[in-house]
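Sequential numbering from 1 along the given sequence is applied to the chain's residues. Each ligand, and each atom within it, is numbered from 1 in the order the structure gives. Values in this document were obtained by computation on a predicted structure and should not be read as measured data.
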Amino acid sequence: MKPFKIRDIEINPPLILSPMAGVTDISFRRLLKRRGGIGLTVSEFISVEGLTRNNPKSKRQMRFFEEERPFAVQIFGGQSERMRMAAEMAEEVGADILDVNCGCPAPKVVKHGGGSGLLRDYSRLEEILREIKKAISIPLTIKIRAGYYDHTINAVETAKLAESCGVEHIALHGRTKEQGYKGLADWDLVRQIKEVVSVPVSGSGDVTSVEQAFARWQETGCDGILIGRGAMANPWIFRQIEDALHGREIFQPTIEDKRAVLLEYFEMLLEDMPELAAIGRMKQLAGQFTKGLQGGALFRTTIYHSHSVTEVLDRISEYFEAVAAGRPYYGEGKPEEVEEAPALDSCEAATVNS
Ligand SMILES: Cc1cc2nc3c(=O)[nH]c(=O)nc-3n(C[C@H](O)[C@H](O)[C@H](O)COP(=O)(O)O)c2cc1C
C-alpha cells in the first residue's frame, strides 16, 4: 500500500473520494479534504450536454478549490464530439485529470449511450476515448462497472480497451448496471484487471472501515481505493486509513468533532447555495452521518422536519448537547414517530441535463 502515480500526478495517500452525484460538490469535497487522508478528489459526474450548451448548473459543477488538488473532473455523455468539447473545458478550468463515467445506471443517461451504456457499445466507447485523448494533455481516466447485465460481465475487456486508447487509470465499481446498488461489489474483478493492464487500477465498493480497506488491498493488489458512501457516514475514514498506513494511532472523532463537522458543512453550503438547497443537503449528510449514533434516528427525523437555518442549527445544538451530557435525546418529543430520510443510493436521483 503505497502512493501511486497517474502519469506524473502523485496520488498520496492512494485513497480517492469516490464521485457521488448530488453529494460530492465543491463544499462536500472541501469538507472531506480538510479531514485529511484524501489523495484525489473527483467532481460529481457532469453532463457534457449541459456543459457544451452553457448550462449554468453544469458549469458550476466544474468549480473546485486549490486545496483539493489533485482534482479530477468527471464527465458523462454518449456523443464523442460533445465529450471532447467538455474534456477541453475541464482542462481549461485547470482540472488535473479528466475522468469518463462508464458506470452510471440511470435510464436517462444510458438511453443516450452514456454512463454504463458505454459498457455494451465498445465502438462508441473507443471513439469517445480516442477523441478526448487527441484533444487534451492532462491524463484521461475512466470509472467503469463490472458490466452491463449480470450475464455480460466484461470489466477486464473494457479495461484492456481503455488502456489501448491511452487511458491512464482505471477505477472499477464491481457491480453490474443491472445490479444497481444491490448485493456486494465483486473485488476479484479488480484483481483480474490489475493482472492484465499496466496502468494503475483502483477499486470501489462497500469499503466502510480501515480493516476493509486493508483487506481489499491485500486481496487484489490494487493501487488505490475509492470510498463513497462510507465517507458520508464517516468523514474521517480516509484519515483513519492513512493513520493505519503510517502505523499511527487511529484518529477517533469525539462527539464535539462530529458536531463541528456538521456545522462547518452547513456554513460552506450556505455560502454556496440558496438556503433551501443548503438545508436539503444538510439533511442528507445528517441522515448518513448520525447512523448508529445514540438517538440518531430521532435526530434525523427532527432535522428532516426543520425548514429554516435557525431551526436546523437549534436542532443540531440540542442533539449534540444531549449526547455530550449523556442525556437521552427526545427530539420533538414524539419518539414513536421515527421517520427516516429517503435512502441515498445512486446517481439516478441527481441526473439532470442529459
Ligand atoms: C448517491 C450516489 C451518487 C453517485 N454518483 C456517481 C457519479 O456521479 N459518478 C460515478 O462514477 N459514480 C457515482 N456513484 C458510485 C460511487 O462513486 C461508488 O462507485 C459506489 O457508490 C460504490 O462505492 P461505495 O460503496 O464506497 O459508495 C454514486 C453513488 C452514490 C451512492
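- Near G228, with a cut-off below 4.0 Å to any heavy atom, the atoms of ligand 1 are 24 (P), 26 (O), 27 (O).
- Hydrophobic clustering (side-chain heavy atoms under 4.5 Å, transitive across Ile, Leu, Val, Met, Phe, Trp, Tyr) groups I128 together with V199.
- Heavy atoms of H173 found under 4.0 angstrom from ligand 1 belong exclusively to the side chain.
- Relative orientation of the F64 and F71 rings is parallel, given thresholds of 30° and 60° on the angle between their planes.
- Near G205, meaning under 4.0 Å from any of its heavy atoms, are these atoms of ligand 1: 22 (C), 23 (O), 25 (O).
- For the 3.5 Å distance criterion, the side chains of T254 and D257 qualify, holding a donor opposite an acceptor.
- Using a 4.0 Å cut-off between charged side-chain N and carboxylate O, R216 and E219 make a salt bridge.
- Side chain to side chain, D99 and T141 meet the donor-acceptor criterion of an N or O pair below 3.5 Å.
- Not a single N or O atom of I227, backbone or side chain, sits closer than 3.5 Å to an N or O atom of ligand 1.
- Seen from the ring of Y181, R145 counts as a face-on cation partner, given the 6.0 Å and 45° thresholds.
- Using a 4.0 Å cut-off between heavy atoms, K143 contacts ligand 1 through its side chain alone, with no backbone atom that close.
- In the vicinity of R229, heavy-atom distances shorter than 4.0 Å reach the ligand 1 atoms 21 (O), 24 (P), 25 (O), 26 (O), 27 (O), 31 (C).
- Note: no N/O pair closer than 3.5 Å links V207 and ligand 1 by distance alone.
- For the pair E44 and ligand 1, the shortest N or O to N or O distance does not fall below 3.5 Å.
- Below 4.0 Å from some heavy atom of N101 lie the following atoms of ligand 1, by number and element: 9 (N), 10 (C), 11 (O).
- Of the polar atoms of S18, at least one N or O is found under 3.5 Å from an N or O of ligand 1, judged by distance alone.
- Taking the six-membered ring for Trp and thresholds of 30 and 60 degrees, Y149 and H151 have nearly parallel ring planes, at less than 30 degrees apart.
- The distance from ligand 1 to the heavy atoms of Q74 drops below 4.0 Å at these ligand atoms: 7 (C), 8 (O), 9 (N), 10 (C), 11 (O).
- M232 and L269 fall within the same hydrophobic cluster, where Ile, Leu, Val, Met, Phe, Trp and Tyr residues are linked whenever their side-chain heavy atoms come under 4.5 Å apart, directly or through other members.
- For the pair K133 (side chain) and G166 (backbone), a donor-acceptor distance under 3.5 Å is present.
- Looking at G230 next to ligand 1, no N or O pair under 3.5 Å apart turns up.
- Every atom of ligand 1 with a heavy atom of Y181 under 4.0 Å away is listed here by number and element: 14 (N), 15 (C), 20 (C), 21 (O), 28 (C), 29 (C), 30 (C).
- Inspection of the T302 and R315 side chains reveals no N or O donor paired with an N or O acceptor under 3.5 Å.
- Backbone and side-chain nitrogen or oxygen atoms of L226 are examined, and none is located within less than 3.5 angstrom of a nitrogen or oxygen of ligand 1.
- The ligand atoms of ligand 1 that sit less than 4.0 angstrom from a heavy atom of D206 are 24 (P), 25 (O), 26 (O).
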